[in-house]
Amino acid sequence: MVKFNRFKLDNGLRVIVHEDNTTPMAVLNILYDVGARDEDPDQTGFAHLFEHLMFGGSVNIPHYDGPLQRVGGENNAFTSNDITNYYITLPSTNLETAFWLESDRMLSLAFSEKSLEVQRNVVIEEFKQRYLNQPYGDVWLRLRPLVYKNHPYQWATIGKTIKHIEDAKIEDVKAFFKKHYNPQNAIMVVGGNVKTEEVKRLAEKWFGPIPAGEKYNRNLPQEAPQQEERREIVTAKVPLNDVYIAFQMEGRMDKSYHIIELMSDILSRGNSSRLYKSLVKDKPLFSEVHAYITGSMDKGMFVLEGKPLEGISIEQAEASLWQELEKIKTEEVPADELTKVKNKTESTMVFSEMSLLDKAMNLANYELMGDAEELNHETEKFLAVTSAQIKEEANKLFRKENSSTLIYLAEGVEEPKEVVTD
């Protein structure tokens, strides 16, 4: 049970306080309700570019890291298709430094051609290294547009193309900041050795004067249900063939979410999971195989991925994955198997409540989804899932016409001609 207090400033900033006097530390986490899905299709990669720009200094604080390091603090950030999240951890006695730093860059980020040029080059380099020059690095650049035809999830957080980052103009960057980085589009969580009254005082002092900004009303094109099987085959400089099968699933707030997450664990969590036992250990067809979900706010993806062993044809590899899916569609998961997976999920939830930073991030996320209090009911939602519900969701999800398959063929490796059967 994570206890917290909450209040809201006049400018719309939502603040959550989690008091924990078992630690000398404090964390200040700011979640901005903006991700890659909020970008213009012709100007993608901006949310992620901002994650870098936000560390380039603000009008009154030219060097963000310096003052923080002097008071024993650390900071970082991440961007997803749904959110951008910034966090600072530091000794609680120096909490005001975190308020000073975060409020100044929310109020007045330092926009300069030089800062933009520096961070643009950093992002372009990241695009090349992580997405273009690495084996399988472009998987999300290929898989997303295969699965999504209307929704802006069709591009990765890095953006559709390097050109969008290269062409980013200072006025476009300023407009994106003005639209999304304001108090009413943010949730701040302060946790650790802090008192709610003191957090309230600091929030009013440092964030209270910041103008609310215009309210951003999200109105994105939604993805229609998929009605046909989609496929793409790529020959690339990769060490092994690789198979990805993605299925459209409902978004994070849908009642099916907890059922489907447990289903991915049954298939692929640990060495006792179905895919590992069946396809890696007992009947070795793959060197590795995984099932996972994207957990997106809007329509998400359930992804199966496996690297077939040498001598195993793509057809055989694909057929074996579908066989495992057929099993979960036709037979209810035995009670002991389901209990084991639920126990693992419960221990993960308990473990995430031990880390101050995890708690702060989780509170912000659940507040974004409607109510931070829901964090305290998450475990019971997983524990309530039944075998019958899993079977029902499996039959909705795992249909050929709801599948998008991406295959990497390793250059120079001859594909086995025969499909080997038992």
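Note that this is a predicted model, so its numbers are computed, not measured.
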key: Charged N-O contact under 4.0 Å between Lys277 and Asp282   = no
ask   = Side chains of Ile293 and Met301: closer than 4.5 Å at any heavy-atom pair?
value = no
remark   = Sequence neighbours excluded, the answer for side chain to side chain contact (heavy atoms under 4.5 Å, CB included) partners of Pro62 is none
ask   = Does Asp298 offer a backbone N or O that forms a donor-acceptor pair with the side chain of Ser296 under 3.5 Å?
value = no
query = Would you call Arg6 and Glu367 a salt bridge, using N to O less than 4.0 angstrom?
reply = yes
request  = Keeping to residues at least two apart or across chains, list the ring pair (Phe, Tyr, Trp, His ring centres under 6.0 Å) pairs with something in residues 375-404.
outcome  = Phe247-Phe398, His258-Phe382, Phe302-Phe398
ask   = Restricting to pairs with a member in residues 93-105, which pass side-chain hydrogen bond (donor to acceptor under 3.5 Å, both in side chains), not counting sequence neighbours?
value = Ser58-Asp104, Asn60-Asp104, Tyr64-Glu102, Tyr64-Arg105, Glu96-Lys205, Glu96-Trp206, Glu102-Arg105
key: Short N-O contact, Arg218 and Asp38, less than 4.0 angstrom   = yes
message = Side chains of Thr44 and His164 only: does a donor on one sit below 3.5 Å from an acceptor on the other?
response = yes
task = Would you indicate whether the side-chain heavy atoms of Asn81 and Thr157 approach each other to under 4.5 Å?
result = yes
request  = Could you tell me whether a side-chain N or O of Ser268 sits under 3.5 Å from a main-chain N or O of Ser264, the two making a donor and an acceptor?
outcome  = no
inquiry  = Could you check whether Thr294 and Arg144, counting side-chain N and O atoms only, form a donor-acceptor pair closer than 3.5 Å?
reply    = no
request  = Would you list the pairs meeting side-chain hydrogen bond (donor to acceptor under 3.5 Å, both in side chains) in which at least one residue belongs to residues 169-186, sequence neighbours left out?
outcome  = Gln43-Asp172
request  = Examine distances only and state if a side-chain atom of Lys149 and a backbone atom of Pro145 form a donor-acceptor pair shorter than 3.5 Å.
outcome  = yes
message = With a 3.5 Å distance limit and no angle check, can you tell me whether Thr84 reaches the backbone of Ser80 through a side-chain donor-acceptor pair?
response = no
key: Heavy-atom pair with the smallest gap, counting every atom of Pro221 and Asn150   = CG-O, 3.4 Å
key: Glu305 side-chain N/O to His290 backbone N/O, donor-acceptor pair under 3.5 Å   = no
Atom pairs and distances, side-chain donor-acceptor, residues 7-14, under 3.5 Å, sequence neighbours left out:
| from | atom 1 | to | atom 2 | distance (Å) |
| --- | --- | --- | --- | --- |
| Asn11 | OD1 | Leu13 | N | 3.2 |
| Asn11 | ND2 | Phe207 | O | 2.8 |
| Asn11 | ND2 | Ile210 | O | 2.9 |

Closest contact, heavy atoms only, Pro284 versus Leu309 = O-CD1, 3.4 Å
request  = Verify, without hydrogens or angle tests, whether Ser115 (side chain) and Ser112 (backbone) share a donor-acceptor contact under 3.5 angstrom.
outcome  = no
key: Gln222 (side chain) donor-acceptor with Leu220 (main chain) under 3.5 angstrom   = yes
Sub-4.5 Å side-chain heavy-atom contact between Phe78 and Tyr86 = no
query = Does Glu337 come within less than 4.0 Å of Lys340, counting only side-chain N to carboxylate O?
reply = no
note = Residue pairs passing the salt bridge (Lys or Arg N to Asp or Glu O under 4.0 Å) test with at least one member in residues 64-82, sequence neighbours excluded, are Arg37-Asp82
ask   = Distance only, no hydrogens: is a donor on one side chain within 3.5 Å (strictly under) of an acceptor on the other, for Thr22 and Asp20?
value = yes
task = Count the heavy atoms belonging to other residues, nucleotides or ligands that lie under 6.0 Å from NZ of Lys215, then report whether that count exceeds 12.
result = yes
request  = Could you note down all residue pairs passing ring pair (Phe, Tyr, Trp, His ring centres under 6.0 Å) where residues 127-149 supplies at least one of them, sequence neighbours left out?
outcome  = Phe127-Tyr131, Tyr136-Tyr408, Tyr148-Tyr153
Minimum heavy-atom distance between Leu95 and Ala26, given as atom pair plus value = CD1-CB, 4.0 Å
ask   = Is there a donor-acceptor pair under 3.5 Å between the side chain of Gln226 and the backbone N or O of Ser403?
value = yes
Partner residues of Glu229 under the side-chain hydrogen bond (donor to acceptor under 3.5 Å, both in side chains) criterion, sequence neighbours left out = none
ask   = Quick one: are Met25 and Ser92 in side-chain contact, heavy atoms under 4.5 Å?
value = no
query = So, the side chain of Glu19 versus the backbone of Gly191: is there a donor-acceptor pair under 3.5 Å, distance only?
reply = no
request  = Examine distances only and state if a side-chain atom of Thr386 and a backbone atom of Gln389 form a donor-acceptor pair shorter than 3.5 Å.
outcome  = yes
query = With sequence neighbours left out, what residues match Glu318 under salt bridge (Lys or Arg N to Asp or Glu O under 4.0 Å)?
reply = Arg231
task = Decide whether Thr196 and Asn5 meet the rule of one side-chain donor and one side-chain acceptor closer than 3.5 Å.
result = yes
query = When you check the gap from the basic side-chain N to the acidic O, do Glu228 and Arg230 get nearer than 4.0 Å?
reply = yes
query = Would you call Arg130 and Glu126 a salt bridge, taking side-chain N to carboxylate O under 4.0 Å as the test?
reply = yes
inquiry  = Restricting to salt bridge (Lys or Arg N to Asp or Glu O under 4.0 Å), what partner residues turn up for Glu326, sequence neighbours left out?
reply    = Lys329
task = Kindly write out the residues that satisfy salt bridge (Lys or Arg N to Asp or Glu O under 4.0 Å) with Arg120, not counting sequence neighbours, or none if the list is empty.
result = Glu117
key: Between Glu232 and Thr405, a side-chain donor and acceptor under 3.5 Å   = no
remark   = salt bridge (Lys or Arg N to Asp or Glu O under 4.0 Å) filter on Glu393, not counting sequence neighbours, yields Lys396
